[in-house]
Amino acid sequence: MIPATRRFSIIAMVTTGPATAGAEVGIAASPEAVYALITDLPTLATLAEETHTMEWVSGDAPIAGAVFKGHNRNGAKKWTTTCTVTTAEPGRTFAFDVKSTGLPIAHWRYDITTTADGGCTVTERTWDRRPGWFKPLAKLATGVSDRDAANAEHIKATLARLKSRAESGITG
């Protein structure tokens, strides 16, 4: 059982409706081990496609309300986002809202479910929250013209790296 103090989550951006990109992968590792990899920011940055570093700026652990920065790049394009943890349920869910220049950009969520063999299935999803007028500016800043298609490919790559890392037993 997860202690009540560790199950707290906040709702900031609405996540109703279908995700704009997502995928899942089966992993032969415990949900707790996989959660530890996902919530270790330096590790998550090595698994992600565009993010190259992440660090806590408010709080130092994956708990709801904690804030971290994501430093991203795509070729010569570089940008930073501010992320607020909305859900942190060890072994089950890690989710966060992303903002840039104070504007809502996205909501990202990792759901982990235990499988009968002691492993787990990880589902990674994102919801694009950018205002319509901001999308052309985001394309200029990031070099990505179709964010949904790019995120779909990035999620597949992230989950493949997560599976490899978790199944090899390499921790944070």
Side-chain angles (χ1 to χ4, degrees), residues 1-51 53-72 81-100 104-130 148 151-152 154-172:
M1 182 77 179
I2 300 168
T5 58
R6 301 295 295 186
R7 289 188 307 212
F8 179 82
S9 64
I10 59 175
I11 304 298
M13 291 185 197
V14 178
T15 56
T16 57
T20 51
E24 68 180 39
V25 67
I27 300 177
S30 74
E32 295 76 19
V34 171
Y35 182 86
L37 290 172
I38 292 169
T39 58
D40 179 69
L41 296 183
T43 298
L44 184 57
T46 67
L47 302 174
E49 192 68 19
E50 290 179 326
T51 305
T53 61
M54 299 170 134
E55 79 271 348
W56 295 109
V57 294
S58 171
D60 59 358
I63 59 171
V67 177
F68 62 93
K69 292 275 187 188
H71 303 281
N72 310 289
T81 57
T82 302
C83 307
T84 303
V85 176
T86 58
T87 307
E89 297 179 23
R92 296 181 60 195
T93 304
F94 181 61
F96 52 92
D97 288 339
V98 180
K99 288 186 175 184
S100 180
I105 299 299
H107 178 77
W108 286 85
R109 182 177 179 98
Y110 296 85
D111 288 301
I112 306 166
T113 55
T114 304
T115 55
D117 61 2
C120 61
T121 299
V122 177
T123 304
E124 180 181 2
R125 294 175 290 168
T126 187
W127 289 259
D128 188 344
R129 297 293 181 231
R130 298 172 300 161
D148 293 343
N151 282 346
H154 296 169
I155 287 170
K156 290 176 192 171
T158 298
L159 290 175
R161 291 181 191 119
L162 176 63
K163 177 179 176 68
S164 177
R165 183 88 173 247
E167 291 179 351
S168 70
I170 299 171
T171 59

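Being a predicted model, the structure only gives us computed values, none of them experimental.
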* Asked: Residues in salt bridge (charged side-chain N to carboxylate O under 4.0 Å, His left out) with Lys156, at least two apart?
  -> Glu153
* Asked: Among Thr87, Thr93, Thr123, whose side chain to side chain donor-acceptor pair (under 3.5 Å) with Asp111 holds?
  -> Thr93
* Residues two or more places apart in sequence or in another chain: which of them pass side-chain contact (heavy atoms from CB on, under 4.5 Å) with Asp128? -> Thr20, Arg130, Lys135, Arg147, Asp148
* Please name the pair of heavy atoms, one in Pro62 and one in Phe94, separated by the smallest distance, quoted to 0.1 Å. => CB-CE1, 3.8 Å
* Of all the heavy-atom pairs spanning His107 and Arg129, show the shortest one and how long it is. => N-CG, 4.2 Å
* Qualifying residues under ring-ring contact (aromatic ring centres under 6.0 Å, His included), relative to Tyr110, sequence neighbours excluded -> none
* Asked: To the nearest 0.5 Å, how far apart are CG in Leu44 and OG1 in Thr158?
  -> 7.5 Å
* To do: Please tell me if the side chains of Phe68 and Val85 come closer than 4.5 Å, counting only heavy atoms from C-beta onward.
  => yes
* Beyond-backbone contact of Glu124 with Trp108, side-chain heavy atoms, under 4.5 angstrom -> yes
* Asked: Does a side-chain heavy-atom distance below 4.5 Å link Val98 with Thr126?
  -> no
* With sequence neighbours excluded, tell me which residues meet side-chain contact (heavy atoms from CB on, under 4.5 Å) with Ala152. => Ala21
* Minimum heavy-atom distance Ala61-Ala66, with the two atoms named -> O-CB, 3.4 Å
* Given side chains that start at C-beta, do those of Arg165 and Leu162 come closer than 4.5 Å, heavy atoms only? -> no
* Asked: In chain order, what residues pass the salt bridge (charged side-chain N to carboxylate O under 4.0 Å, His left out) check against Glu32, with sequence neighbours excluded?
  -> none
* List for me each residue that meets salt bridge (charged side-chain N to carboxylate O under 4.0 Å, His left out) alongside Glu167, sequence neighbours excluded, and say none if there are none. => Lys163
* Test item: Asp97 and Lys99 side chains (from C-beta on) under 4.5 Å apart, heavy atoms -> no
* Structure fact -> Rounding to 0.5 Å, atoms CD1 (Ile38) and CG (Leu47) come to a distance of 8.5 Å
* To do: Would you please name every residue forming a side chain to side chain donor-acceptor pair (under 3.5 Å) with Thr81, sequence neighbours left out?
  => none
* **Pairwise distance CD(Glu50) to NE2(His154) - rounded to 0.5 angstrom** => 4.5 Å
* **Pairing residues for Thr39 by the side chain to side chain donor-acceptor pair (under 3.5 Å) criterion, not counting sequence neighbours** => none
* Taking all atoms of both residues into account, what is the closest heavy-atom pair of Ala166 and Ile27, and its distance? -> CB-CG2, 3.7 Å
* So, for Ala64 and Ala88, which heavy atoms are closest and what is the spacing to 0.1 Å? -> N-CB, 4.1 Å
* For Trp127 against Arg109, the heavy-atom pair lying closest together -> CZ3-CB, 3.9 Å
* Structure fact -> For Ser164, the side-chain contact (heavy atoms from CB on, under 4.5 Å) test, sequence neighbours excluded, returns none
* Asked: Among all residues two or more places apart in sequence or in another chain, which pass the side-chain contact (heavy atoms from CB on, under 4.5 Å) test with Thr51?
  -> Ala45, Ala48, Met54, Asn72
